[in-house]
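Single-structure report; data block below.
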Amino acid sequence: MSSLRRTEIASLLKEATVNDEVLVKGWVRAFRANRFIALNDGSSFGNVQVVVDFENFDEALLKQISFHSCIEVKGTVVESQGSGQNIEIVAKEIVILGGSNPDEYSLQPKKQTLEYLREKAQFRMRTNTFSAVFRIRHAISFAIHKFYNDNGYYHMHTPIITGSDAEGAGEMFHVTSFSPDTAPRDETGKVDYKQDFFGKETNLTVSGQLQAEMGALALGKVYTFGPTFRAEKSNTSRHLAEFWMIEPEVAFNDINDNMDLAESFSKYLINYILDNYAEDLAFLEKRILDAEKQLPKEKRREMPLIETLRFVVDNDFERITYTDAINLLRNSKPYKKGRFENDVAWGKDLQSEHERWLVEKKFKKPVIVVDYPKDIKAFYMRSNEDDKTVAAMDVLFPGIGEVMGGSQREERHDMLVKRMNEMDVSTEELDWYLDLRKFGGCPHSGFGMGFERMVMFITGMSNIRDVIPFPRTPGSAEF
RNA sequence: GCCUCUUUAGCUCAGCUGGUUAGAGCGCCGGACUGUUAAUCCGUAGGUCCUAGGUUCGAAUCCUAGAAGAGGCGCCA
């Protein structure tokens with residue numbers, strides 16, 4: 001008995017047979033009727049029920065079996081008399097590993113708002129919702145590596161501290177070893193970064209794409225998966241200052257190959273979760289349905305979570321050019337009735353209300369928009385024959401908007417230089433990037449996927465801060 | 001960067017045009033019950049009405065500033 005080894009609850013629920021003597025450890029999810037403990041150790045969504053014959057246990061010990069206290073139980077597996085589970089454990093010995101005074105503990109065995117739990121990040125992963133979300137977050141991360149590995153891609157680590165500020169993907173966080181008060185200054189009074197750690201100004205990366213292109217032009221197929229930083233004061237449920245991004249970059253792929261990759265990649269991830277995390281998904285779906293009961297019909301999801309995921313996997317993404325999208329929008333009901341707040345016109349970027357109409361009203365499935373006007377896109381995107389558009393694509397998902405954005409890259413050296421000059425991007429600073437066109441260049445494509453946005457889509461969570469353990473947003477860097 | 005909303009018990013909230021001692025459900029605590037699945041029943045306790053000013057005979061309620069949280073726009077992933 002004393003040499004008994006711990007069984008994880010996931011394997012216990014799967015493999016235990018009646019009369020097994022077992023040792024389990026975990027956190028108390030509920031203690032009902034002074035007799036039934038729902039115990040969870042994180043190994044699965046399911047709890048194991050521990051039955052306590054309270055007459056045989058010390059009252060002081062039973063008192064310590066409170067919500068989220070941590071205990072160790074030795075006992076015998078029996079068939080359950082109750083209806084909620086097949087087997088349960090009759091406790092012979094219980095040890096309190098860590099008590100949790102319910103008077104002082106900030107969580108309770110009841111529904112609590114996601115906002116409140118967000119403030120208690122030290123505990124929120126113990127709740128059903130967040131443990132399901134973070135198990136799935138892990139699984140998507142694993143599936144990403146599996147997808148690319150199985151398809152012959154190489155994972156490439158791009159730098160987190162970058163020395164170039166020409167990536168143009170947004171505001172950056174400066175990285176310096178100087179203290180603001182004592183930073184050395186040059187004769188004009190500006191901070192003299194020549195004396196700083198790296199001898200120049202440095203920032204946290206906003207994208208690994210330019211570096212990934214080096215990998216693609218040597219290893220053929222590469223992808224990055226790392227943290228990314230944007231110092232934009234975006235105050236929305238879809239933006240983080242620190243988020244994770246996956247960026248495949250593939251030699252010889254054109255924009256159509258790029259779209260194929262984006263579609264098969266996202267379907268693979270969704271399928272992986274459908275196949276392996278059904279229990280967690282079912283709980284998340286039920287959670288949303290319960291929450292939506294209080295909302296008016298038009299604010300509820302059109303389909304429950306799992307149905308939505310199946311639908312996305314079973315149907316082709318809609319592919320449409322920017323020009324066609326503009327025409328569709330200008331002929332749409334909301335446009336004609338003046339319901340859009342922002343104007344729709346060729347040359348202007350699609351606003352979220354327009355994207356939402358295309359995805360949620362018109363096509364009711366993921367939509368890939370391609371061939372955007374060159375003036376609203378980045379310098380490295382390949383110019384099309386019409387000289388007005390570039391081979392850029394945005395992949396739009398229902399409820400979330402842009403999940404992926406990418407392009408075929410401009411591989412023609414002269415064209416790239418021309419675009420850089422037009423858009424005021426320093427050719428000197430990016431000479432290494434231009435070298436990739438000068439020496440052994442080739443057509444290539446890639447895109448960036450916002451990891452947290454994919455986690456949002458798959459888990460059905462509506463705030464990006466609830467799918468990352470420690471969200472960093474303007475004005476908030478707790479924990 | 002712009003705009004809007006919220007902040008009242010441990011949690012979720014109600015509290016009307018300013019007017020006695022600020023309420024409910026859940027949770028906690030005490031008791032009853034004991035095969036429960038958000039257990040049930042009875043009872044007790046629990047409040048700097050976010051903070052600081054102001055208006056008023058009187059402020060949870062009105063005004064100003066600040067803090068925290070949420071939502072929308074823009075930017076994007």
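Below, chain A is the first sequence line, B the second, and so on; all start at residue 1.
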OP1 or OP2 of [N] under 4.0 Å from side-chain N/O of [X]:
| X | N | answer |
| --- | --- | --- |
| A:Arg32 | B:A39 | yes |
| A:Arg356 | B:G72 | no |
| A:Ser476 | B:A68 | no |
| A:Arg238 | B:C75 | no |
| A:Gln209 | B:A77 | no |
| A:Gln49 | B:U36 | no |
| A:Asn235 | B:C75 | no |

[X] (side chain) and [N] (base): donor-acceptor pair under 3.5 Å:
| X | N | result |
| --- | --- | --- |
| A:Arg35 | B:C33 | no |
| A:Gln85 | B:G35 | no |
| A:Ser234 | B:C75 | yes |
| A:Gln112 | B:U12 | no |

[N] - base-pair partner by Watson-Crick or wobble geometry, distances under 3.5 Å:
| N | answer |
| --- | --- |
| B:U34 | none |
| B:C11 | B:G25 |
| B:C5 | B:G69 |
| B:C62 | B:G54 |

Between the side chains of A:Asn342 and A:Glu353, is a donor N or O closer than 3.5 angstrom to an acceptor N or O? yes
Please find out if less than 6.0 Å separates the ring center of A:Phe31 from that of A:Phe36. no
Nearest-nucleotide check on RNA chain B, A:Thr113 vs A:Glu353; residue mapping nearer the 5' end is A:Thr113
Tell me which of A:Gln81 and A:Lys63 sits closer to the 5' end of RNA chain B, going by the nucleotide each one is nearest to. A:Lys63
Do the side chains of [X] and [Y] get close enough for a salt bridge, i.e. N-O under 4.0 angstrom?
| X | Y | result |
| --- | --- | --- |
| A:Glu402 | A:Arg453 | no |
| A:Arg465 | A:Glu115 | no |
| A:Asp53 | A:Lys92 | no |

